[in-house]
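Everything numeric in this text was worked out from a predicted model, so none of it was measured. These numbers come from the heavy atoms of this one structure, side chains and all, not from hydrogens, waters or symmetry mates.
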Amino acid sequence: MGLGGLGLATAGCDGSTNGLPKRAVPDDALVLDADGGIVVLSAATGRAVVPPGLGVLSGDGTLLARSETVPGGTRLTSLRLPSGQPVASAVLPDPLMARAVSRDGTLVALADPTPAGGSPYRPAGRERTTIVVAGAAGQRNRLELAGNLEPEAFDTSGSYLYILDYLPPAAPDRYRVRTVEIATGAVETLYTRDKEPVPSGAEEEMRGEGRQAVFDGIRNLLFTLYTHQPDHLHTRGLIAGVHPGTQQVHAFVHTLSLDARWAYCVDLPAPFGANPAAGHAIAMRPAGSRLAVVDAWSGAVALIDPGDLRVAETAALRPPRGPIETASALFTPDGTLLVAAGREVLTWRPGTTVDDVTRWPVPDTIQGAALVGDRLYVGQPGAALELDPATGRVPRRVPIPSGARLNAALTQAPA
């Protein structure tokens, strides 16, 4: 299908089209990763609702915690999205960076800043870590802990913080997931799925390449996709005495219970993990009935049952055309799976044959995608296209900063 198949009858952000009736323009908010940090734009006007800045989003994307250096320490500001309305602000001592937000948005975990050009998932070496837990009134708990630690998520009670514990601390090349009791600073191991403490020496150690995560709000589970993990041994294998080199695990989904503090890994079949990490994506179906993992390079799809934590179905789609910079997987409200990568958006209904895939081309290489209601936004160099996944029609083009990657979309009141 040529570009004409897009039905590119768009023009301005006012929603007018060339010769077509004017439609009401939903004022969606587009969340992008751009130079200078996270920026939120109005899809109706193209203007910034929240200017670029360093910060971290809550799991549901409705709260943004911003941290900036000011005289005397760090100003922490919590913004409600999509409006950008500040809901709390406080100055904390010492330079810190926001790392994690509790599910209800009332707590933020901050830690030592990441050096320029670094990442909280590829930190510089350090032997000790400062973690501050803050609320609307400012600092609640300050933890000075041994080791090279990075906050990842709060448990549902707000009493524990899940952390990445990097090893060896001075020159890290791997990490394990542990918990910190916020009130005492005690660092503890996770539990097995059977709710038994993980024995000493049986904690999984992982590499940070290809990490993507989605949250299951029904079961309070955090699913994190790991790729490029050769010779990885899961806790269940270590407990059983399996030795390194006796199995090859190239990709898996790490499941973390935010209620009960247990972890379990779901192995993915070949070819997952064999191709570059940028082409992999993970998505949760509405109502939590299925978890999808996609390898856009090969077209492989794995559907995981999040209840019993097993791969329930696999499929091999024809890969999207064009160079792949990043891949996005999304579920529409009716359960259709969207795969956005290269220069195509693939739509497929699980349970049907791979011949039933619909393919919508876009003009340039996709740089992120987001779904809100029945509206799909596809990132392009310098623009986000609103694309109807049912027809491929593109009713509007929203200018975005050059080099920005589309991360999420939230709905606002109609314009």
Side-chain angles (χ1 to χ4, degrees), residues 53-60 62-80 86-115 119-121 123-167 169 172 175-191 197-198 203 213 215 220 222 224 256-263:
L54 297 178
V56 61
L57 291 166
S58 61
D60 62 2
T62 62
L63 189 133
L64 173 63
R66 280 274 172 86
S67 51
E68 59 177 327
T69 301
V70 296
T74 299
R75 179 175 296 281
L76 173 65
T77 305
S78 296
L79 307 174
R80 183 66 61 191
V87 293
S89 181
V91 175
L92 309 172
D94 302 329
L96 298 163
M97 288 183 70
R99 291 285 193 252
V101 182
S102 64
R103 185 181 178 189
D104 61 6
T106 61
L107 298 176
V108 179
L110 303 94
D112 296 311
T114 302
S119 160
Y121 302 112
R126 62 172 180 257
E127 299 286 352
R128 296 192 63 81
T129 301
T130 299
I131 295 177
V132 170
V133 175
Q139 179 174 304
R140 290 192 180 184
N141 303 85
R142 182 184 182 88
L143 308 176
E144 301 287 352
L145 303 173
N148 192 340
L149 313 174
E150 291 290 346
E152 181 171 44
F154 286 89
D155 82 327
T156 52
S157 71
S159 300
Y160 285 84
L161 186 65
Y162 295 94
I163 58 169
L164 306 182
D165 179 13
Y166 279 86
L167 304 169
Y175 59 83
R176 58 192 176 186
V177 181
R178 309 189 99 185
T179 63
V180 174
E181 187 176 20
I182 295 172
T184 65
V187 178
E188 304 173 1
T189 62
L190 296 176
Y191 292 86
V198 174
E203 290 181 85
F215 178 63
N220 288 327
L222 182 67
T224 304
L256 181 63
S257 168
L258 301 188
D259 284 331
R261 307 202 304 278
W262 56 257

Given L190 and T179, is the side-chain contact (heavy atoms from CB on, under 4.5 Å) satisfied, shown in steps? CA-CA 7 Å; L190 296 176; T179 63; 3.6 Å; yes
Is it possible for you to check whether R261 lies under 6.0 Å from the centre of the six-membered ring of Y160, through NZ or CZ, and within 45° of that ring's axis?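 Yes, a cation-pi geometry holds between R261 and Y160.
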How far apart are the closest heavy atoms of [X] and [Y], and which atoms are they?
X	Y	result
R128	R126	O-CD, 3.2 Å
P172	P169	CD-O, 3.6 Å
I163	P151	CG2-CA, 4.2 Å
D112	T129	OD2-CA, 3.4 Å
L143	G185	CD2-CA, 3.9 Å
M97	S67	CA-OG, 3.5 Å

The salt bridge (Lys or Arg N to Asp or Glu O under 4.0 Å) partner of R176 among E152, E150, E203 is E203
Would you compute the distance between atom [atom1] of [X] and atom [atom2] of [Y] and round it to the nearest 0.5 angstrom?
X	Y	atom1	atom2	result
Y175	L164	OH	CG	5.5 Å
D94	T69	CG	OG1	11.0 Å
F154	D104	CZ	CG	9.5 Å

Determine whether the side chains of D60 and S58 contain a donor N or O and an acceptor N or O closer than 3.5 Å.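 The answer is yes; a qualifying pair exists.
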Under 3.5 Å, is there a donor on one side chain and an acceptor on the other for S89 and R75?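 Yes, a side-chain donor-acceptor pair sits under 3.5 Å.
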Apply side chain to side chain contact (heavy atoms under 4.5 Å, CB included) to A134 and list each qualifying residue two or more places apart in sequence or on a separate chain.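 For A134, the residues satisfying side chain to side chain contact (heavy atoms under 4.5 Å, CB included) (neighbours in sequence not counted) are L76, L92, L110.
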Dump the intermediate steps for side-chain contact (heavy atoms from CB on, under 4.5 Å) on L54 and E68, then the final yes or no. CA-CA 7 Å; L54 297 178; E68 59 177 327; over 6 Å; no
Donor-acceptor contact present, side-chain [X] to main-chain [Y], <3.5 Å:
X	Y	value
S102	G158	no
N148	A124	yes
S157	D259	no

Any heavy-atom pair between the side chains of [Y] and [X] that's under 4.5 Å?
X	Y	result
T130	R142	yes
T189	R178	yes
P197	E188	no
V56	L64	no
L258	R103	no

With side-chain contact (heavy atoms from CB on, under 4.5 Å) as the criterion, how do L256 and T224 come out once you've worked through the C-alpha distance, each side chain's angles and the decisive distance to 0.1 Å? CA-CA 8 Å; L256 181 63; T224 304; over 6 Å; no
Go through the steps to decide whether Y162 and D155 satisfy the test side-chain contact (heavy atoms from CB on, under 4.5 Å), and finish with yes or no. CA-CA 7 Å; Y162 295 94; D155 82 327; 3.7 Å; yes
